[in-house]
**Student:** 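The following block contains the structure, expressed as C-alpha cells.
Quick caveat: nothing in here was measured; it's all calculated off a predicted structure. Only heavy atoms go into these numbers, but all of them, side chains included; no hydrogens, no water, no symmetry mates.
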Amino acid sequence: QVQLVESGGGLVQEGGSLRLSCAASRSIVSFSSMGWYRQAPGKQRELVAGISSGGITNYADSMKGRFTISRDTAKNTVYLQMNSLKAEDTAVYYCNAYRGNYAQSEDYWGKGTTVTVSS
C-alpha cells in the first residue's frame, strides 16, 4: 500500500513563508505525477501545483510566482515552498500521487496538513 505523509503546516502571517513536505513510502518517480492540492472550508479541492515523473512542473495561475514545487528523489519527498502568503491561502493542503495510462489508473492521497494565514 502506498502511503503519503504531509508535514510543515502551521500558522503564519500574511507575507510570510512555509515549506510543506510530502514523504512517500516508495520511489516518487514511479508515479506519473505528484502534486499538491488544497481545500478551504466550504469549497472544493483545487490543484495548487504538480510535477511529472520527468520533472516538469505546473501551477495554478494564482500560485505562479509565489509557490514552487520541487522534489528530492533520494528521500522520496516532494516539497511545496510557499512565499508571500495571503489570507486566502488558508486551507488544508493534500499531497497526491497518480499513476495511470489509457486503460487504468491509481490515485493516492495523504491526510493533509493545515495552513492558516492570519490577516
**Student:** Does Ser52 offer a backbone N or O that forms a donor-acceptor pair with the side chain of Ser33 under 3.5 Å?
**Tutor:**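 No.
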**Student:** Members other than Leu47 in its cluster, when Ile, Leu, Val, Met, Phe, Trp, Tyr link by side-chain heavy atoms under 4.5 Å?
**Tutor:**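 Once heavy-atom contacts under 4.5 Å are chained together, Leu47 belongs with Tyr37, Val92, Tyr94, Trp109.
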**Student:** Heavy atoms only: give me the nearest Ala91-Ala40 pair and the separation to one decimal.
**Tutor:**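 So the two residues come closest at CB-N, 3.8 Å.
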**Student:** Who else is in the cluster with Leu11 when I, L, V, M, F, W and Y are joined by side-chain contacts under 4.5 Å?
**Tutor:**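 Cluster partners of Leu11: none, it stands alone.
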**Student:** To the nearest 0.5 Å, what is the distance between CG on Leu20 and OG on Ser7?
**Tutor:**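 The CG atom of Leu20 sits 8.0 Å away from the OG atom of Ser7.
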**Student:** Does Arg66 come within less than 4.0 Å of Asp89, counting only side-chain N to carboxylate O?
**Tutor:**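 Looking at Arg66 and Asp89, the cut-off is met.
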**Student:** Which heavy atom in Trp36 sits nearest to a heavy atom in Cys22, and how many Å separate them?
**Tutor:** CZ2-CB, 3.6 Å
**Student:** Check Ser17 against Ser84 and note the closest heavy-atom contact, atom names and distance.
**Tutor:**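 What the structure gives for the nearest pair is OG-N, 4.4 Å.
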**Student:** Might you work through the side chain to side chain contact (heavy atoms under 4.5 Å, CB included) test for Phe67 and Leu80, ending with a clear yes or no?
**Tutor:** CA-CA 7 Å; Phe67 292 7; Leu80 182 68; 4.2 Å; yes
**Student:** Within this structure, what is the CD1-SG distance for the pair Ile28 and Cys95, rounded to the nearest 0.5 Å?
**Tutor:** 9.0 Å
**Student:** Without hydrogens or angle criteria, can the side chains of Asp72 and Thr77 be said to hold a donor-acceptor pair below 3.5 Å?
**Tutor:**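 Their side chains do not contain a donor-acceptor pair, so the 3.5 Å distance test is not met.
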**Student:** Just verifying a value: how many Å separate Glu6 CD and Thr114 OG1, rounded to the nearest 0.5 Å?
**Tutor:**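 Glu6 atom CD to Thr114 atom OG1 measures 10.0 Å (nearest 0.5 Å).
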**Student:** Can you name the closest pair of heavy atoms from Leu18 and Gln81 and give their distance?
**Tutor:** O-NE2, 3.6 Å
**Student:** Which value, rounded to the nearest 0.5 Å, describes the distance between Thr68 atom OG1 and Ile51 atom CD1?
**Tutor:**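 The distance works out to 11.0 Å.
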**Student:** Is there a donor-acceptor pair under 3.5 Å between the side chain of Ser105 and the backbone N or O of Gly100?
**Tutor:**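 No: the side chain of Ser105 does not pair with the backbone of Gly100.
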**Student:** Salt bridge or not for Lys86 and Glu14, using N-O below 4.0 Å?
**Tutor:**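 Looking at Glu14 together with Lys86, the answer is no, because their closest N to O distance does not fall below 4.0 Å.
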**Student:** Under 3.5 Å, is there a donor-acceptor pair linking the side chains of Tyr93 and Arg38?
**Tutor:** yes
**Student:** Roughly how far, to the nearest 0.5 Å, is CZ of Phe31 from OH of Tyr108?
**Tutor:** 6.5 Å
**Student:** Do you know which two heavy atoms are closest between Arg99 and Ser32, and how far apart they sit?
**Tutor:** CA-OG, 3.5 Å
**Student:** How long is the straight-line distance from CD1 of Ile69 back to OH of Tyr59, given to the nearest 0.5 Å?
**Tutor:**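 CD1 of Ile69 is found 6.5 Å from OH of Tyr59.
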**Student:** Do you reckon Met34 sits in the same ILVMFWY cluster as Val2, going by side-chain contacts under 4.5 Å, direct or chained?
**Tutor:** yes
